[in-house]
Peer 1: 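Questions regarding the structure given below will be posed in turn.
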Amino acid sequence: MDDQIKQSFVALRRQYIDNCFTRLNDRQQEAVFYGNGPLLLLAGAGSGKTTVLVNRIANLIRFGDARYSDEVFGSPTAQDIAQLRRLIDQPDNQPDARMEGLLRVGGIAPYHILAITFTNKAAGELKSRLSAMLGQTGQDVFASTFHSACVRILRRSGEALGYPSGFTIYDSDDVQRIMKKIYKELSVDDKFMPLKQAINSISHYKDQMISPSEAAKLCGGDAKARLLVKLYTVYEELLKKTGGMDFDDLIYQTVRLFEQFPDILEQYRRKFQYILVDEYQDTSHAQFRLVELLGAGHRNICVVGDDDQSIYRFRGATIENILNFEHQFGEAKVIRLEQNYRSTANILNAANSVIEHNRGRKGKTLWTDSEKGTPVLHFVAENEQDEAKHVAASIAEHVAAGARLRDHAILYRMNALSAPVENYFVRAGLPYKVIGGHKFYDRKEIKDMLAYLHILSNPMDDLRLERIINEPGRKIGGATLETVAMLAADEGCSWLQIISRVQQYPVLSRASKSLLNFWQLYQKLQEVRRQIPLEELPEQVLELTGYRAMLKAEGEEGEARLENIGQLITAVKKYALERGEDASLEGYLEEVSLITDLDSYDENADLVVMMTLHAAKGLEYPYIYIVGMEEGVFPGQMSSFSAEDMEEERRLCYVGITRAQKELQLCSTESRMMYGQTRRNRPSRFLEEIAPECLNEEYSETAQEMHSLRNRWGDEDDYGTDRAFGCGNGPKRGMYQGKPEYTNNNKTGGDGYSSPYHGGGLRMAAGNSTMQNSVNKPEKTERPTESGEFSIRSAYERANRRSDGFDPSVSFGGVTPKKEPVKAAGEKKFEVGDTVHHKIFGTGTVVSVTPVAGDMLVEVEFAAATKKMMANYAPLTKD
DNA sequence: ATCGATAAGATCGAC
DNA sequence: TCTTATCGAT
């Protein structure tokens, strides 16, 4: 009797559980319900891996093994059965606590689950999706990045290794400063061993779990290697002394902690009974070790990743982690998620055909049910301005047809490529946001303010002290600080301790007054810190340190900086409000130091987004533009020397392509100003690799005119032999075939390797420039910004004029162009009162017109807002 | 004589 | 932005 009730309950329970996950496909369900033991989810781009992750965690917590179990904990009654029936019929109703208990067989408590994500933002999203499914319970899952998780472990248990619980986290900027100092001290020549190389190598040592002494054993007799070990050793000593850890340390030291203190490891093993790792293809060896150590007992390790999307080899990620997972933890179950829900068939085919050129893959072909969609477009522009113009015009078209700005993303290989696009967008009045590049927390004033806060929290932080001790000026210069540093090294104490006892040191007599003043300021700040709540602290620091006064005196730029600090103050207030009682200065600083620019991305704002291909990982947009699809840019010239690097570039391309949902445009230019030189690059080989049936080609009007122009002028050119490569009417399929290696024509000859393009290029110029396989339809787009008809001459001038005055040799910090445009006047005229039409903002009225260096700044009142834009660059037409 | 401030010059990889 | 040269102040 009882048995029968139990059986029908189990059957109903199975039905109920299945109902909770019906929206998943078969593979996804298999992944959700697969039981204990190592599990590898090979999840292609857009295959719904986050959904699987969330559902798998939810299933673990809510039902445990119940899906495949005949057991019931507790004794279900006929009433329970009736209730479960009702719940199945009415999925909106929530079971009560008793029913939840009956539904669960050996579930895992949320706080026993560790979910590692790639960014803090992803961790937050995971939690909020879990909360949506599970309520409060979802919040108790330990979801974080490797780094955040390690910080928590080290703060709690790191003292065993000799680190204070209040250790400082050094960002890459700090690391560079430290290394610079070491270079000076050991008088190392940057030319012999570039600073970046040393920092990179040290980072690699840590990724590989190699300590300075082990490195010494490994390095052999090579002078460079020995120097590197020396630098590594000194660097580590310095970090330990100042109680600081760099990003790599967070992982490295945690692994060391676990290896050296088995009891501590055991404690965390008990805590994390179930481990999930997202983006596993981008984990380092040290991170693998961490997972291995934590998971060794229960082996409940589920990793999710896509070997084709491994794009962080350069910073220590080893693709081997995912390639070898099957065997590293014993026999692992492998489930492939290959159905793509994101992109059209054309986009997906393009992605597949590119990635197929890689060897060393797990092998996986994405497929989709969705329609073919628009073919991928390869757009050839004359130069980077032309390219920017095309992207802007294309976005404007979409917007005019009803798309939103935020449906568009522009991706590029290097941050430097954003500048011309930004420049154009600013002038066109197109709202955009750059992710990465110049980060908020990289600004000097923000770093300074944070440095003040840091030294309050960690008085041993000499590095941050050095940053602000003379900011604003306090008559404490380099020489004085060197003396202080020397004394501190002698006594093995911190700089601040020396400063607190200035009068004891005759060598400091000259600077004693200034130092004493600073010491008093420091004490005052500490006192204030004790007395006031956290949210008021930054304001006080700003005031008492004289930082505000300094910025006030600077005028306009200072005002802008003060505004930034205002944002910082707001952020602190927000933090204090969120955390309430738990808020602490240390906690805030930690949160800040682990922020990456991806974390601060707000997708609600209606803006075009620009970012590097790396930053785009994990994101998706209806419309994607990848600019700079050229040999030497993407793939970059650095990658042409090793097959591994080239494969990584190709994966990066794959990542880029698979970000697109509806439409993808790949743009290349015939000539591009880079590193202060105009270069002619061939279109990227990745374009050649895309299956022709899903790719269209289009030339900008200028690029077209330039072709006929060059053909007419024959050999005359400014570009030396390189000219030939830009001359054909398009890239020819198969051109690369049979060429084992590619070098880039970054200089015109003479640097050792002759360009393999030479022959092909000349052949192209001389022979017929066919357009097999390419669909060329230049007449498709009409850009209203172009006025009048083209003469060949004017096309030439137009193309060669750096029309926006942008000079890439000047670093380009913000959105404000540094140079004025060069004689672009007279092309378009607007007067106050004119009714004008803008591609994005619609119809508006000109409010003011101001001549600016050859162009006109027009202020236009649209229905939504009043915008200022440059007459010659904005997609504005007079009605 | 020494130190600090100021002004002018090179810089350029993805996190 | 960080480094380098020169000037002015102590």
Side-chain angles (χ1 to χ4, degrees), chain A residues 118-121 145-147 171-173 175-177 179-181 183-184 190 194-197 199-200 203 207 246-248 279 282-284 310-317 411-419 435-439 441-445 447-448 467 469-484 507-515 550 593-601 611-618 628 632-639 645 648-649 651-653 655-656 672-677 679 746 807-814:
Chain A
F118 198 67
T119 60
N120 294 302
K121 187 166 166 250
T145 60
F146 270 111
H147 291 102
D171 62 22
S172 50
D173 185 66
V175 169
Q176 213 164 50
R177 284 159 173 268
M179 197 46 86
K180 226 170 243 171
K181 268 201 219 165
Y183 264 52
K184 220 172 180 180
D190 186 74
L195 196 78
K196 281 196 169 170
Q197 195 188 325
I199 292 170
N200 257 332
S203 167
D207 279 337
D246 62 28
F247 280 121
D248 301 306
E279 308 282 9
D282 284 322
T283 50
S284 67
S310 163
I311 53 174
Y312 283 102
R313 208 173 74 99
F314 71 89
R315 67 168 199 204
L411 311 181
Y412 34 80
R413 179 65 240 261
M414 303 176 282
N415 271 318
L417 295 185
S418 78
I435 313 288
H438 279 251
K439 298 172 215 160
Y441 289 99
D442 275 352
R443 289 164 204 246
K444 182 183 184 305
E445 62 274 21
K447 293 212 127 195
D448 286 350
R467 190 188 171 93
I469 195 165
N470 205 30
E471 199 73 42
R474 298 194 180 91
K475 311 239 179 269
I476 304 171
T480 304
L481 285 180
E482 236 165 71
T483 316
V484 171
V507 275
L508 287 173
S509 60
R510 183 193 284 269
S512 69
K513 192 143 189 277
S514 333
L515 288 173
M550 176 185 78
S593 51
L594 293 175
I595 281 182
T596 68
D597 37 301
L598 286 176
D599 294 324
S600 48
Y601 166 45
M611 66 188 114
T612 62
L613 287 150
H614 282 91
K617 186 170 89 158
V633 180
F634 184 35
Q637 46 208 356
M638 306 298 242
S639 54
D645 283 349
E648 175 137 324
E649 294 284 300
R651 290 194 292 269
L652 193 55
C653 182
V655 167
R672 179 182 297 276
M673 180 81 127
M674 281 187 80
Y675 311 116
Q677 276 185 312
R679 292 207 256 154
N746 48 347
D807 178 1
S809 65
V810 177
S811 79
F812 189 74

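In what follows, chains carry the letters A, B, and so on, assigned in the order in which the sequence lines appear, proteins first and then strands, with residues in each chain numbered from 1.
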Peer 1: Without decimals, in angstroms, what is the distance between A:Y183 OH and C:dC2 P?
Peer 2: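 To the nearest whole Å, that distance equals 17 Å.
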Peer 1: Test your reading of the model: is there a side-chain donor-acceptor pair from A:H614 to the backbone of A:I311, 3.5 Å cut-off?
Peer 2: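 Such a contact is found between A:H614 side chain and A:I311 backbone.
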Peer 1: Looking at A:T480, does any N or O in its side chain come under 4.0 Å of the phosphate oxygens OP1/OP2 on B:dG4?
Peer 2: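 For A:T480, the contact criterion (side-chain N or O under 4.0 Å from OP1 or OP2 of B:dG4) is met.
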Peer 1: Is A:N415 close enough to B:dC15 that one of its side-chain N or O atoms is under 4.0 Å from OP1 or OP2 there?
Peer 2: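 For B:dC15, OP1/OP2 do have a side-chain N/O of A:N415 under 4.0 Å.
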Peer 1: Tell me the interatomic distance from A:F247, atom CZ, to B:dC15, atom C1', rounded to whole angstroms.
Peer 2: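 Distance check: A:F247 CZ to B:dC15 C1' gives 9 Å.
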Peer 1: Between B:dG13, C:dT10, B:dC15, spot the one nearest the side chain of A:R413, thanks.
Peer 2: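 So the side chain of A:R413 is nearest to B:dG13.
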Peer 1: When you check the phosphate oxygens OP1 and OP2 of B:dG13, does a side-chain N or O of A:T612 lie under 4.0 Å from one of them?
Peer 2: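 No, outside the criterion.
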Peer 1: Of A:I476 and A:N200, whose closest DNA chain B nucleotide lies nearer the 5' terminus?
Peer 2: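 Residue closer to the 5' terminus by nearest nucleotide: A:I476.
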Peer 1: Provide the closest heavy-atom pair for A:E279 versus A:F118 in the form atom of the first, atom of the second, distance.
Peer 2: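 So the two residues come closest at CG-CB, 3.7 Å.
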Peer 1: Is any side-chain nitrogen or oxygen of A:K180 closer than 4.0 Å to OP1 or OP2 of C:dT3?
Peer 2: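 True: A:K180 side-chain N/O within range (under 4.0 Å) of C:dT3 OP1/OP2.
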Peer 1: Return the 5'-most residue of the pair A:G473, A:E648 with respect to DNA chain B, ranking by each residue's nearest nucleotide.
Peer 2: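 By nearest-heavy-atom nucleotide position, the 5'-most residue is A:G473.
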Peer 1: Taking NZ from A:K447 and C1' from C:dC2, how many angstroms apart are they, rounded to a whole number?
Peer 2: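 It works out to 14 Å between those atoms.
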Peer 1: Nearest of B:dC3, B:dC15, C:dC2 to any side-chain atom of A:R177?
Peer 2: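 Shortest atom-to-atom distance from the side chain points to C:dC2.
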Peer 1: Rounded to whole angstroms, how far apart are CG on A:L411 and P on B:dG13?
Peer 2: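 Rounded to whole Å, this separation is 20 Å.
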Peer 1: Side chain of A:N470 only, please: which of B:dA5, B:dG4, C:dT3 is the nearest?
Peer 2: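 From the listed options, B:dA5 comes nearest.
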Peer 1: Scan the side chains in residues 469-481 of chain A for donor-acceptor partners under 3.5 Å anywhere in the protein, sequence neighbours excluded, and list what turns up.
Peer 2:
residue, atom, partner, partner atom, Å
A:N470, OD1, A:R474, N, 2.5
A:N470, OD1, A:K475, N, 3.2
A:N470, OD1, A:I476, N, 3.3
A:N470, ND2, A:I476, O, 3.1
A:E471, OE2, A:K444, NZ, 3.2
A:R474, NH1, A:Y452, OH, 3.2
A:R474, NH1, A:I468, O, 3.0
A:R474, NH1, A:I469, O, 2.9
A:R474, NH2, A:Y452, OH, 2.7
A:R474, NH2, A:T545, O, 3.1

Peer 1: Measure from CZ on A:R474 to P on B:dA5 and round the result to the nearest Å.
Peer 2: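 These atoms are roughly 11 Å apart.
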Peer 1: The side chain of A:D173 is closest to which nucleotide in this list: C:dC2, C:dT10, B:dC15?
Peer 2: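 Taking heavy atoms from C-beta onward, the closest nucleotide is C:dC2.
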Peer 1: So, the side chain of A:E649 versus the backbone of A:F634: is there a donor-acceptor pair under 3.5 Å, distance only?
Peer 2: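 Checked: no pair found.
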Peer 1: Could you check which of B:dC15, B:dA5, C:dT1 has an atom nearest any side-chain atom of A:K444?
Peer 2: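 Per side-chain heavy atoms of A:K444, the pick is C:dT1.
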Peer 1: Any sub-3.5 Å donor-acceptor pair from A:R651's side-chain atoms to A:S310's backbone N or O?
Peer 2: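 Judged by distance alone, yes, a pair lies under 3.5 Å.
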Peer 1: Hey, is A:F314 stacking on B:dA14? Ring centres under 5.5 Å, planes under 30°.
Peer 2: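 Aromatic stack with B:dA14 present for A:F314.
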